[in-house]
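Fair warning: this is a prediction, and the values are worked out from it, not measured in the lab.
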Amino acid sequence: MELDEKKYLYLLLLIPIVVCIFLFNMYWKRRTQREFGDLEMVKRLSPEKSVFKPVLKIIVILLALTCLIIGLVNPKIGTKMETVKREGIDIVFAVDVSKSMLAEDVVPSRLDKSKQLVSQIINNLGSDRIGIVAYAGSAFPVLPITSDYSVAKMFLQSMSPGMVSSQGTSLDEAIKLSSTYFDEKSKTSKLLILISDGEDHSEGAAVAAEEANKLGMKIITIGVGTERGGTIPLKENGVVRGYQKDQNGETVITKLNQEGLKTIAKATKGGYVYGGSTKEVLEYVKNALNNIQKTEFEATQMAEFQSQFQWFIGFAFLLLFLDIFLLERKTNWIKELDLFNEKK
């Protein structure tokens with residue numbers, strides 16, 4: 001069983017509130033009756049009034065309220081098991097988190113734009129498995145291969161330059177670490193989507209790409225930034241306090257290097273796309289995925305759940321309907337039985 005709308009469970013707090021109101025009302029009635037005279041005399045003046053019926057009415061109302069709340073929560077019960085076959089590929093997203101990605105020549109920044117692109121690509125995936133790598137001067141594993149897209153997007157949003165101690169940009173380290181995510185013996189298609197401004201401070205990215213090609217990997221590179229470049233703001237509590245400077249005290253201008261990214265993609269017979277337009281990137285990746293062979297990598301037994309809210313809502317209305325006929329007067333045939341010691 002699973003609960004569809006757990007947030008409505010808080011409404012169960014209404015039950016003790018209703019009970020308190022009922023008890024206070026009973027106390028108030030009893031105190032008011034004392035003001036008019038002796039309680040025994042009041043009972044004799046209203047011999048048909050039942051002591052038990054008000055309690056029965058509040059129990060019926062509480063049951064109806066409980067059923068309505070459970071109906072809003074919408075419990076679901078698994079009715080049958082079925083086999084679901086999943087076909088897809090393994091995809092690793094390598095996201096550049098170097099300080100140059102903080103440049104704002106792309107709104108809101110290169111890094112934020114990269115996160116948006118990855119998030120949108122994930123939203124358009126079907127049953128593919130994904131992993132995430134962060135890299136700057138070195139590479140850092142963020143999330144291993146998984147099919148849980150919500151967790152992947154949560155980890156994606158937490159990525160920042162601070163998670164990698166070694167600054168700079170080392171594309172070869174990103175490719176090498178990403179290749180370890182894939183099972184060499186698996187026949188599942190392997191795709192690396194590398195997002196960067198292309199400023200590579202290391203050597204050997206092309207060699208690393210050729211080695212990845214031997215492992216059966218394809219690499220799609222996405223360039224984020226502009227060729228005219230931009231400064232790297234240094235912020236404190238969201239306020240710009242200055243701009244990154246080099247060893248000579250000159251303000252650093254970081255530019256997009258598309259040629260380096262194209263070379264990496266070409267080495268694995270992949271492709272390059274400029275990340276300025278989210279729509280164009282999504283279309284490019286979609287077409288690339290359609291041309292990659294899918295592999296059946298998982299067969300799962302899954303329960304098919306069906307909503308049960310209608311039974312609780314129906315029972316609640318039945319109880320409320322019955323409450324209309326539960327008058328506070330004694331019922332004649334029950335009075336004869338004297339089940340509640342009401343016969344005086």
Side-chain angles (χ1 to χ4, degrees), residues 88-102 110-111 114-115 117-119 121-122 125 128-149 151-224 257 260-272 275 285 288 292 297:
I89 66 174
D90 288 341
I91 304 172
V92 173
F93 294 95
V95 181
D96 188 346
V97 293
S98 60
K99 285 186 177 180
S100 65
M101 295 296 285
L102 297 177
R110 293 179 184 178
L111 182 56
S114 299
K115 292 179 182 180
L117 290 172
V118 174
S119 183
I121 292 172
I122 292 174
L125 296 178
D128 305 295
R129 297 184 299 190
I130 59 176
I132 300 177
V133 167
Y135 68 95
S138 59
F140 178 80
V142 177
L143 183 70
I145 292 289
T146 179
S147 56
D148 192 333
Y149 294 170
V151 170
K153 287 193 282 188
M154 180 182 69
F155 275 90
L156 175 68
Q157 295 307 316
S158 66
M159 295 173 68
S160 68
M163 67 192 308
V164 180
S165 58
S166 176
Q167 283 303 312
T169 304
S170 182
L171 295 173
D172 60 329
E173 290 294 325
I175 297 170
K176 289 175 183 177
L177 179 59
S178 298
S179 65
T180 65
Y181 273 51
F182 303 112
D183 184 357
E184 293 183 24
K185 298 179 181 179
S186 174
K187 295 182 180 180
T188 304
S189 298
K190 307 170 183 67
L191 174 65
L192 169 61
I193 298 180
L194 189 147
I195 305 98
S196 176
D197 54 21
E199 283 196 336
D200 190 3
H201 297 169
S202 67
E203 298 179 359
V207 175
E210 290 174 2
E211 291 298 320
N213 185 49
K214 293 177 182 179
L215 297 175
M217 288 172 53
K218 279 190 179 297
I219 301 177
I220 292 177
T221 55
I222 302 175
V224 180
N257 177 16
L261 295 174
K262 289 178 181 178
T263 301
I264 292 172
K266 187 178 180 180
T268 63
K269 299 179 182 179
Y272 168 81
V285 173
I292 297 177
F297 56 78

The residue among Val92, Asp183, Thr188, Ile91 that forms side-chain contact (heavy atoms from CB on, under 4.5 Å) with Ile145 is Val92
Name the one of Val151, Ile121, Ile122 that satisfies side-chain contact (heavy atoms from CB on, under 4.5 Å) with Ile130?
Ile122
Any donor-acceptor N/O pair, Ser98 side chain to Ala136 backbone, under 3.5 Å
no
Main-chain N/O of Lys218 paired to Lys269 side chain as donor or acceptor, under 3.5 Å:
no
Using a 6.0 Å cut-off, check whether atom NZ of Lys266 has over 12 heavy atoms from anything other than its own residue.
no
Salt bridge (Lys or Arg N to Asp or Glu O under 4.0 Å) filter on Asp96, not counting sequence neighbours, yields none
Applying side chain to side chain contact (heavy atoms under 4.5 Å, CB included), can you list everything that pairs with Lys262, at least two apart in sequence or on another chain?
Gln258, Glu259, Tyr272
The reported gap from CG in Leu111 to CD1 in Ile195 (rounded to nearest 0.5 angstrom) is 10.5 Å
Tell me if a side-chain donor or acceptor on Tyr149 pairs with a main-chain N or O of Leu125 at a distance below 3.5 Å.
no
Could you check whether atom NZ of Lys115 has more than 12 heavy atoms from other residues, nucleotides or ligands sitting under 6.0 Å from it?
yes
Quick check for you: to the nearest 0.5 Å, what is the distance between Glu211 atom CD and Met217 atom CE?
11.0 Å
Kindly compute the distance separating CG (Asp90) from OG1 (Thr146), expressed to the nearest 0.5 Å.
11.0 Å
